[in-house]
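Below you'll find the structure, written out as C-alpha coordinates, and then a few comments.
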Amino acid sequence: MAYWLMKSEPDVFGIEHLKALPNKTDHWDGVRNYQARNMMRDEMKVGDQVFFYHSNCKPPAIVGIMEVTREGYVDHTAFDPDEKYYDPKSNPDKPRWYMVDVKHVRDLKREIPLDELKTYPELSDMRLVQKGNRLSIMPVAKDEWDFILSIEDDKA
DNA sequence: GCCAACGTTGGC
DNA sequence: GCCAACGTTGGC
(Lines give C-alpha, C1' and ligand atoms only; values in the text may rest on other atoms or scores of the structure.)
Protein backbone atom coordinates (compact mmCIF):
# COMPACT_ATOMS: atom_id res chain seq x y z
CA MET A 1 0.00 0.00 0.00
CA ALA A 2 1.22 3.46 -0.85
CA TYR A 3 0.66 6.93 0.56
CA TRP A 4 -0.10 10.16 -1.25
CA LEU A 5 -1.01 13.78 -0.78
CA MET A 6 -3.54 15.63 -2.93
CA LYS A 7 -4.11 19.36 -2.96
CA SER A 8 -7.33 21.22 -3.47
CA GLU A 9 -8.50 24.73 -2.83
CA PRO A 10 -11.13 24.69 -0.07
CA ASP A 11 -13.13 27.41 -1.82
CA VAL A 12 -13.38 25.26 -4.93
CA PHE A 13 -13.48 21.74 -3.51
CA GLY A 14 -12.57 21.28 0.13
CA ILE A 15 -12.83 18.35 2.47
CA GLU A 16 -16.27 19.56 3.55
CA HIS A 17 -17.47 19.18 -0.03
CA LEU A 18 -16.16 15.63 -0.19
CA LYS A 19 -17.80 14.67 3.09
CA ALA A 20 -21.16 15.96 1.91
CA LEU A 21 -21.28 13.68 -1.13
CA PRO A 22 -22.99 10.28 -1.28
CA ASN A 23 -20.60 7.66 0.12
CA LYS A 24 -18.29 10.61 0.81
CA THR A 25 -16.72 9.72 -2.50
CA ASP A 26 -15.85 11.68 -5.62
CA HIS A 27 -13.74 11.49 -8.72
CA TRP A 28 -10.68 13.71 -8.60
CA ASP A 29 -11.15 15.43 -11.94
CA GLY A 30 -9.51 18.49 -13.44
CA VAL A 31 -5.88 17.53 -13.00
CA ARG A 32 -4.08 18.90 -16.04
CA ASN A 33 -0.48 18.20 -15.19
CA TYR A 34 1.39 15.26 -16.65
CA GLN A 35 3.32 14.27 -13.55
CA ALA A 36 0.16 14.19 -11.49
CA ARG A 37 -1.70 12.43 -14.30
CA ASN A 38 0.91 9.68 -14.46
CA MET A 39 0.60 9.00 -10.75
CA MET A 40 -3.17 8.68 -10.96
CA ARG A 41 -3.11 6.64 -14.14
CA ASP A 42 -0.26 4.31 -13.30
CA GLU A 43 0.54 4.21 -9.64
CA MET A 44 -2.39 4.85 -7.33
CA LYS A 45 -4.12 1.67 -6.21
CA VAL A 46 -7.35 0.89 -4.44
CA GLY A 47 -6.75 1.10 -0.71
CA ASP A 48 -3.91 3.61 -0.93
CA GLN A 49 -4.15 6.29 1.74
CA VAL A 50 -4.17 9.99 0.82
CA PHE A 51 -3.76 13.19 2.79
CA PHE A 52 -6.23 15.90 1.82
CA TYR A 53 -4.37 19.21 1.66
CA HIS A 54 -5.99 22.61 1.48
CA SER A 55 -4.00 24.96 -0.74
CA ASN A 56 -4.24 28.61 -1.64
CA CYS A 57 -5.94 29.50 1.62
CA LYS A 58 -5.16 30.61 5.15
CA PRO A 59 -3.53 28.61 6.41
CA PRO A 60 -2.57 25.98 3.87
CA ALA A 61 -2.78 22.70 5.82
CA ILE A 62 -3.26 18.95 5.82
CA VAL A 63 -6.82 18.48 6.99
CA GLY A 64 -7.84 14.86 6.52
CA ILE A 65 -7.38 11.37 5.18
CA MET A 66 -8.89 9.79 2.08
CA GLU A 67 -8.66 6.38 0.48
CA VAL A 68 -8.43 5.47 -3.20
CA THR A 69 -11.57 3.55 -4.18
CA ARG A 70 -11.12 3.37 -7.95
CA GLU A 71 -7.93 3.25 -9.95
CA GLY A 72 -7.05 5.54 -12.83
CA TYR A 73 -9.66 6.00 -15.52
CA VAL A 74 -10.36 8.57 -18.20
CA ASP A 75 -11.26 12.07 -17.03
CA HIS A 76 -14.31 12.71 -19.21
CA THR A 77 -14.56 16.36 -18.11
CA ALA A 78 -11.69 17.10 -20.51
CA PHE A 79 -14.01 16.38 -23.47
CA ASP A 80 -16.78 18.80 -22.49
CA PRO A 81 -16.42 22.40 -23.75
CA ASP A 82 -18.68 23.56 -20.94
CA GLU A 83 -16.31 22.21 -18.30
CA LYS A 84 -13.83 24.48 -16.64
CA TYR A 85 -11.00 22.07 -17.37
CA TYR A 86 -11.98 21.35 -20.97
CA ASP A 87 -8.98 20.38 -23.07
CA PRO A 88 -9.63 20.36 -26.83
CA LYS A 89 -6.52 18.24 -27.34
CA SER A 90 -7.99 15.37 -25.37
CA ASN A 91 -10.63 13.30 -27.12
CA PRO A 92 -12.31 9.98 -26.29
CA ASP A 93 -10.26 8.14 -28.91
CA LYS A 94 -7.04 9.39 -27.43
CA PRO A 95 -7.68 10.51 -23.86
CA ARG A 96 -5.02 12.64 -22.34
CA TRP A 97 -6.22 13.02 -18.77
CA TYR A 98 -7.05 10.52 -16.04
CA MET A 99 -8.49 10.59 -12.57
CA VAL A 100 -9.11 8.33 -9.57
CA ASP A 101 -11.98 8.06 -7.11
CA VAL A 102 -11.35 8.90 -3.48
CA LYS A 103 -13.41 8.43 -0.36
CA HIS A 104 -13.27 10.50 2.80
CA VAL A 105 -11.92 8.40 5.67
CA ARG A 106 -11.69 10.93 8.47
CA ASP A 107 -10.69 14.46 9.35
CA LEU A 108 -7.46 14.91 11.21
CA LYS A 109 -7.98 15.77 14.86
CA ARG A 110 -6.51 19.14 14.01
CA GLU A 111 -5.40 20.83 10.83
CA ILE A 112 -1.64 20.65 10.48
CA PRO A 113 -0.52 23.85 8.79
CA LEU A 114 2.23 24.10 6.24
CA ASP A 115 4.35 26.42 8.34
CA GLU A 116 4.40 23.82 11.10
CA LEU A 117 5.22 20.98 8.70
CA LYS A 118 8.20 23.03 7.55
CA THR A 119 9.69 23.02 11.04
CA TYR A 120 10.23 19.25 11.24
CA PRO A 121 13.53 17.83 9.95
CA GLU A 122 11.68 14.52 9.51
CA LEU A 123 9.66 16.10 6.70
CA SER A 124 12.35 18.13 4.97
CA ASP A 125 12.40 15.77 1.97
CA MET A 126 8.71 16.26 1.24
CA ARG A 127 8.10 18.22 -1.93
CA LEU A 128 5.28 19.94 -0.14
CA VAL A 129 7.61 21.92 2.11
CA GLN A 130 10.09 22.76 -0.61
CA LYS A 131 10.20 26.07 -2.39
CA GLY A 132 8.34 26.52 -5.62
CA ASN A 133 6.45 23.28 -5.30
CA ARG A 134 3.42 23.28 -7.56
CA LEU A 135 2.69 19.59 -7.92
CA SER A 136 -0.89 18.89 -6.92
CA ILE A 137 -0.43 15.18 -6.26
CA MET A 138 2.67 13.74 -4.67
CA PRO A 139 3.80 10.53 -3.04
CA VAL A 140 4.36 10.50 0.72
CA ALA A 141 6.94 8.15 2.23
CA LYS A 142 5.65 5.77 4.89
CA ASP A 143 7.87 7.27 7.58
CA GLU A 144 6.63 10.74 6.66
CA TRP A 145 3.03 9.53 6.79
CA ASP A 146 3.58 7.93 10.19
CA PHE A 147 5.36 11.00 11.49
CA ILE A 148 2.55 13.32 10.48
CA LEU A 149 0.02 11.10 12.21
CA SER A 150 2.23 11.05 15.30
CA ILE A 151 2.03 14.84 15.64
CA GLU A 152 -1.70 14.91 15.12
CA ASP A 153 -2.26 14.93 18.90
CA ASP A 154 0.37 17.55 19.60
CA LYS A 155 -0.62 21.02 20.49
CA ALA A 156 -0.17 23.33 17.55
C1' DG B 1 -2.50 41.56 -4.83
C1' DC B 2 2.28 40.41 -5.62
C1' DC B 3 5.60 37.64 -7.43
C1' DA B 4 8.73 33.51 -7.76
C1' DA B 5 8.71 29.08 -9.64
C1' DC B 6 7.81 26.32 -13.16
C1' DG B 7 5.05 23.99 -16.95
C1' DT B 8 3.48 24.67 -21.69
C1' DT B 9 3.32 26.68 -26.18
C1' DG B 10 4.90 28.02 -30.48
C1' DG B 11 8.16 30.42 -33.61
C1' DC B 12 12.35 29.65 -35.57
C1' DG C 1 15.35 20.97 -30.41
C1' DC C 2 16.01 25.54 -28.37
C1' DC C 3 14.21 29.12 -25.81
C1' DA C 4 11.37 33.33 -25.10
C1' DA C 5 6.82 34.41 -24.00
C1' DC C 6 3.04 33.37 -21.58
C1' DG C 7 -0.13 31.27 -18.17
C1' DT C 8 -0.87 29.09 -13.76
C1' DT C 9 0.07 27.79 -9.06
C1' DG C 10 0.25 28.88 -4.55
C1' DG C 11 2.68 30.95 -0.55
C1' DC C 12 3.01 35.19 1.49
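What's counted below: heavy atoms across the whole structure, side chains too, no hydrogens, waters or symmetry copies. By convention in this document, chain letters (A, B, ...) are assigned in the order of the sequence lines, proteins followed by strands, and residues within each chain are numbered from 1.
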Donor-acceptor pairs under 3.5 Å, side chain of residues 18-32 of chain A to any protein atom, not counting sequence neighbours: which ones?
unit_1, atom_1, unit_2, atom_2, d
A:Lys19, NZ, A:Asp107, OD2, 2.7
A:Thr25, OG1, A:Asn23, O, 2.6
A:Arg32, NE, A:Tyr85, O, 2.8
A:Arg32, NH1, A:Asp75, OD2, 2.9
A:Arg32, NH2, A:Asp75, OD2, 3.4
A:Arg32, NH2, A:Thr77, OG1, 3.2
A:Arg32, NH2, A:Tyr85, O, 2.9

Side-chain atoms of residues 38-52 of chain A: list all donor-acceptor pairs with protein atoms under 3.5 Å, sequence neighbours left out, distances to 0.1 Å.
unit_1, atom_1, unit_2, atom_2, d
A:Asn38, ND2, A:Tyr34, O, 3.4
A:Asp48, OD1, A:Ala2, N, 3.0
A:Asp48, OD2, A:Trp4, NE1, 2.9
A:Asp48, OD2, A:Lys45, N, 3.0
A:Gln49, NE2, A:Gly47, O, 3.0
A:Gln49, NE2, A:Glu67, OE1, 3.3

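Aromatic rings of A:Tyr73 and A:Tyr98 (six-membered ring for Trp) have centroids beyond the 6.0 Å cut-off, not under it.
Listed by first and then second residue, the side-chain hydrogen bond (donor to acceptor under 3.5 Å, both in side chains) pairs involving residues 138-151 of chain A are A:Lys142-A:Asp146 (not counting sequence neighbours).
At a threshold of 4.0 angstrom between heavy atoms, the contacts of A:Asn133 are confined to the sugar-phosphate backbone, with no base atom among them. Looking at heavy-atom distances under 4.0 Å, A:Lys7 makes contact with sugar-phosphate atoms alone, never a base.
Nearest-nucleotide positions on DNA chain B place A:Asn56 closer to the 5' end than the other of A:Arg134 and A:Asn56. Comparing A:Lys131 and A:Tyr34 against DNA chain B, the residue whose closest nucleotide sits nearer the 5' end is A:Lys131.
Atom NZ of A:Lys118 is separated from atom CG of A:Leu128 by 8.5 Å, given to the nearest 0.5 angstrom.
When the ring-ring contact (aromatic ring centres under 6.0 Å, His included) test is applied to A:Phe13, the partners found at least two apart in sequence or on another chain are A:His17.
A salt bridge does not link A:Lys58 with A:Glu9: every distance from a Lys NZ or Arg NE/NH1/NH2 to an Asp or Glu carboxylate oxygen is 4.0 Å or more.
Residue A:Val74 is not grouped with residue A:Ile137 when hydrophobic side chains (ILVMFWY) are merged at heavy-atom distances under 4.5 angstrom, including chains of intermediate members.
Of all the residues in residues 74-90 of chain A, not one reaches under 4.0 Å from DNA chain C with any non-hydrogen atom.
From the 5' end on, the contacts that DNA chain C makes with chain A at under 4.0 Å to a non-hydrogen atom open and close at C:dG7 to C:dC12.
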